[in-house]
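Report on one structure; see the data block that follows.
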Amino acid sequence: LHPMTKKVRVRFAPSPTGGLHLGGVRTVLYNYLFARRHGGDFILRIEDTDQGRFVPGAEEYIMDCLEWCGLVPDESPARGGAYGPYRQSERKAQYGQYAERLVKEGRAYYAFDTPEELDAMRQSYKTPANPSPQYDHTLRNRMRNSLSLDPAETEQLLNAGTPYVIRILPPENETVRFVDMIRGEVSFHTSGIDDKVLLKADGMPTYHLAVVVDDYLMKISHAFRGEEWLPSAPVHILLWHWLFGEDQMPQWAHLPLILKPDGNGKLSKRDGDRLGFPVFAMNWTDPKTNETTGGFREMGFLPEAFVNMLALLGWNDGSDKELFSLEELVQQFSMDRVHKGGAKFDFEKAKWFNHEWIKNTAPTVLKPAVKKTLAAQGIGVQDDILLEKVIALVKERCTLLPDFAAQSAFFFNAPVQTDWEAVRPKWNDKKQLFFVELVRAFQLISGWQHDDLEKEFKEMAAAHQIKAGELLMPFRVMLVGGKFGPGVFDIAVLIGREETIRRIENFLKQI
RNA sequence: GGCCCGUUCGUCUAAGGGUUAGGACACCACCCUUUCACGGUGGUGAUACGAGUUCGAAUCUCGUACGGGCUACCA
């Protein structure tokens, strides 16, 4: 087993190609929890070796997402650290040396095949029985590389500055084994490993080389990534074995995939558009296509709820507990309770988490976010004390932050729309009279608390020989504009005597 | 096709050889509430299949089926 002599250093390494999806955030989260749990460091490294797909602004976006989630790295491109650089592109010069070393030691070779030649190879060897031919031991001798060419020719090509890549040369007949923290021992036969490109023609490393070199140089002790990386793990193990020795290698954990809610397969951003939910942490606008993909933040999720929901998608503490703060997650998290199987994402359950968090969060804490969401709906709030009372009153009926606008707009502005149909059919002179007198009574009443109002209202109803129930709905519509909201007397208390009377009179005038 | 990984209610999951297979979301019913929610009570609903090991299997082994991932000079 891995000697835990060095400090735990886990890293999250996104590629800045745009957006940070659910699986990505969960990977960061597990990294973060593991690091905190063991008093280690959580490192962010940017994998920007593919310049063609690099998207401006994506790196900043990733940092913003992490900050919103409360998962700020100890070391990152922005913050720096003792094991920099934290962007792969800035380490470009070093990768080549490691690749050359592998060639010298006979573990890799030069390949001069052009993209067209590779394409031609894949076309000509493609059969129904073998739909995707590999550049591997079966084919490499028929390609143009330093193994098939004679040494003089290779030398000549190299001297002439012919573009080349460096490919790995997997051992003939061995079994590569490693222990995955989640899956236990996993093994691959080397005959099934193809000659992956390690160093591209532009001198940049591929992920395979870069991840190994970076993890070594940055002293990474644990590396977590999605399950889609499992098939290329043997390449990385081999590289570790040759370059730095397996005793230096991080412990691996391949996280289960997050699947689409309907059907099967990996969750993609397309699924979000199709099914009406976000798949990114925050809104992301691709500067190339100008296309925006929705985020959980903008949809009105609390970061605590978002993180809580993600943590439980593939992990639990063994009990029935489902609500965890980040701090509690840090205390409870363990990699051996992470599941092996993928989990379908369920937006309904995600909303449930948010609802629970809204209900359990104090109005003072909720206030800034609610204020923002109200402002976005054109509802200005001057009275902060009132706002807190309103939040306390309506939060249990809000699932997403924007729900606060619908649920509490009438506290701050008189209703613009009135659901007349809820009242008109049963309206009559007796009721009109009742409310006229109610206004008078409310003007005179001494206390303006819930019980005062209810007592007055019910006594008057009795005096007018109308059931209170028949009057409560009209009263609600007068104050709220519709058939919804908290208790009517609670509402009246909060909007105050003057405003209550104004809304009643206004209604009476219009009906 | 090849290689690898996986499989408990519709969904997320608990149960590490002995439980009436538990909880949550969703759904349904009832209660609370003279609004809408919240809440409460109850209900429908699962160990993919077949062998083997064992007194006893969701749990261990093997096979089958099904699902997924990978199969780029992308990560």
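Proteins come first, then strands; the chains are lettered A, B, ... in the order of their sequence lines, and each starts at number 1.
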In whole Å, what is the span from the [atom1] atom of [X] to the [atom2] atom of [N]?
{"X": "A:M143", "N": "B:A72", "atom1": "CE", "atom2": "P", "value": "13 Å"}
{"X": "A:K467", "N": "B:U35", "atom1": "NZ", "atom2": "P", "value": "13 Å"}
{"X": "A:E396", "N": "B:U33", "atom1": "CD", "atom2": "P", "value": "15 Å"}
{"X": "A:D320", "N": "B:C12", "atom1": "CG", "atom2": "P", "value": "17 Å"}
{"X": "A:F277", "N": "B:U11", "atom1": "CZ", "atom2": "P", "value": "15 Å"}
{"X": "A:K266", "N": "B:A75", "atom1": "NZ", "atom2": "P", "value": "14 Å"}
{"X": "A:R26", "N": "B:C12", "atom1": "CZ", "atom2": "P", "value": "12 Å"}

Counting only non-hydrogen atoms, which of residues 194-205 of chain A are less than 4.0 Å from RNA chain B?
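Result for residues 194-205 of chain A: A:V197, A:K200, A:A201, A:P205, sorted by number.
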Would you say A:R476 places a side-chain N or O within less than 4.0 Å of OP1 or OP2 belonging to B:C36?
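No, no such contact exists.
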When you measure from the side-chain N and O atoms of A:T49 to the phosphate of B:C74, is any distance below 4.0 Å, counting only OP1 and OP2?
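For A:T49, the contact criterion (side-chain N or O under 4.0 Å from OP1 or OP2 of B:C74) is not met.
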Want to settle it: does A:Y207 or A:F484 sit nearer the 5' end of RNA chain B, counting the closest nucleotide to each?
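The 5'-side residue here is A:F484.
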Nearest nucleotide by nearest heavy atom, which residue falls closer to the 5' end of RNA chain B, A:G485 or A:L313?
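First, find each residue's nearest nucleotide; the 5'-ward one identifies A:L313.
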When the C1' atoms of B:C30 and B:G22 are considered, how many whole Å apart are they?
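It works out to 24 Å between them.
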N/O to N/O distances under 3.5 Å, protein versus nucleotides 4-7 of chain B:
from	atom 1	to	atom 2	distance (Å)
B:C5	O2'	A:R183	NH1	2.7
B:C5	O2'	A:E227	OE2	2.8

Exactly one of A:E227, A:R225, A:R183 should register a side chain to side chain donor-acceptor pair (under 3.5 Å) with A:H254. Which one does?
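Single side chain to side chain donor-acceptor pair (under 3.5 Å) partner of A:H254 among A:E227, A:R225, A:R183: A:R225.
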B:A26 base / A:K349 side chain donor-acceptor hit below 3.5 Å
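Result: no qualifying N/O pair found.
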Any N or O donor-acceptor pair under 3.5 Å from the base of B:C38 to the side chain of A:R397?
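Answer is no: no donor-acceptor pair is held.
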